[in-house]
Amino acid sequence: QVQLVESGGGLVQAGGSLRLSCAASGSIADIYNMAWYRQAPGKQRDVVASISWHISSGQPVYADSVKGRFAISRDSAKNTVFLQMDSLQPEDTAVYYCNANLMTSTSMNYDTYWGRGTQVTVSS
């Protein structure tokens with residue numbers, strides 16, 4: 001069984017920083033990409049940033065709302081993705097979810113997995 005576990009969320013003042021981590025565990029054969037999504041109360045879940053495991057640079061992609069403030073990175077040896085969040089604002093308050101498209105030894109194909117989410121709260 002594959003599990004994605006997020007960590008690093010919490011309460012921070014506006015202008016502060018947080019670093020989120022997501023570690024994928026289980027019988028993982030290959031990761032295609034991983035991404036961070038967020039969902040605020042009453043709103044849809046939107047992608048924040050994504051990074052490739054098959055492109056050497058990672059080819060990170062960001063939502064316009066976070067570009068220049070957030071940075072996604074990876075540790076492929078540990079099946080882990082990070083999200084460095086700087087200059088946080090109250091509108092960044094949301095549950096942040098880790099997403100992965102990966103292949104297991106039994107699936108023999110790429111499937112989508114989700115973490116349970118970690119709360120990020122930014123106070124003004």
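- To the nearest 0.5 angstrom, Ile51 atom CD1 is 10.5 Å from Leu83 atom CG.
- Contacts of Thr106 classified as side chain to side chain donor-acceptor pair (under 3.5 Å), with partners at least two apart in sequence or in another chain: Thr104.
- In this structure, CE in Met103 is found 6.0 Å from CG in Asp30, a value given to the nearest 0.5 Å.
- The ring pair (Phe, Tyr, Trp, His ring centres under 6.0 Å) test applied to Tyr32 returns His54, Tyr110, not counting sequence neighbours.
- Take Ser7 and apply the side chain to side chain donor-acceptor pair (under 3.5 Å) test, not counting sequence neighbours, and it matches no residue.
- Residues that satisfy the side chain to side chain donor-acceptor pair (under 3.5 Å) test with Ser56, not counting sequence neighbours, are absent from this structure.
- We find the CG-OG distance between Leu4 and Ser25 to be 7.5 Å, quoted to the nearest 0.5 Å.
- Note that the CD atom of Glu6 and the OG atom of Ser21 stand 10.5 Å from one another [nearest 0.5 Å].
- For the pair Val47 and Ala63, the tightest heavy-atom approach, listed with the atom from each and the gap, is O-CB, 3.6 Å.
- If you take CE on Met34 and OH on Tyr113, they are separated by 12.0 Å, rounding to the nearest 0.5 Å.
- With sequence neighbours left out, Glu91 forms a side chain to side chain contact (heavy atoms under 4.5 Å, CB included) with Gln89.
- For residues 73-83, the set of pairs meeting the side chain to side chain donor-acceptor pair (under 3.5 Å) definition, not counting sequence neighbours, is empty.
- For residues 61-72, every residue pair satisfying the side chain to side chain donor-acceptor pair (under 3.5 Å) rule, not counting sequence neighbours, is listed here: Arg38-Ser65, Arg69-Asp92.
- For the salt bridge (Lys or Arg N to Asp or Glu O under 4.0 Å) condition, no pair includes a residue of residues 41-53, sequence neighbours left out.
- In the hydrophobic clustering of ILVMFWY residues, with side-chain heavy atoms under 4.5 Å counting as a link, Val95 and Met85 come out apart.
- For residues 70-103, no pair satisfies ring-ring contact (aromatic ring centres under 6.0 Å, His included), with sequence neighbours left out.
- Tested against Leu102 for a side chain to side chain contact (heavy atoms under 4.5 Å, CB included), the candidates Asn109, Asn33, Val2, Thr112 yield a single pass: Val2.
- Checked against salt bridge (Lys or Arg N to Asp or Glu O under 4.0 Å), Arg19 has no partners two or more places apart in sequence or in another chain.
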I'd like a table of donor-acceptor pairs (distance under 3.5 Å, sequence neighbours excluded) in which one partner is a side-chain atom from residues 117-124, with atom names and distances.
residue: Thr118; atom: OG1; partner: Gly9; partner atom: N; Å: 3.4
residue: Gln119; atom: NE2; partner: Ala94; partner atom: O; Å: 3.4
residue: Gln119; atom: NE2; partner: Thr121; partner atom: OG1; Å: 3.3

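- Applying the ring pair (Phe, Tyr, Trp, His ring centres under 6.0 Å) criterion to Tyr37, with sequence neighbours excluded, gives Trp114.
- Asp86 and Gln84 make their closest contact through OD1-NE2, 3.0 Å (heavy atoms, listed as atom of the first residue, atom of the second, distance).
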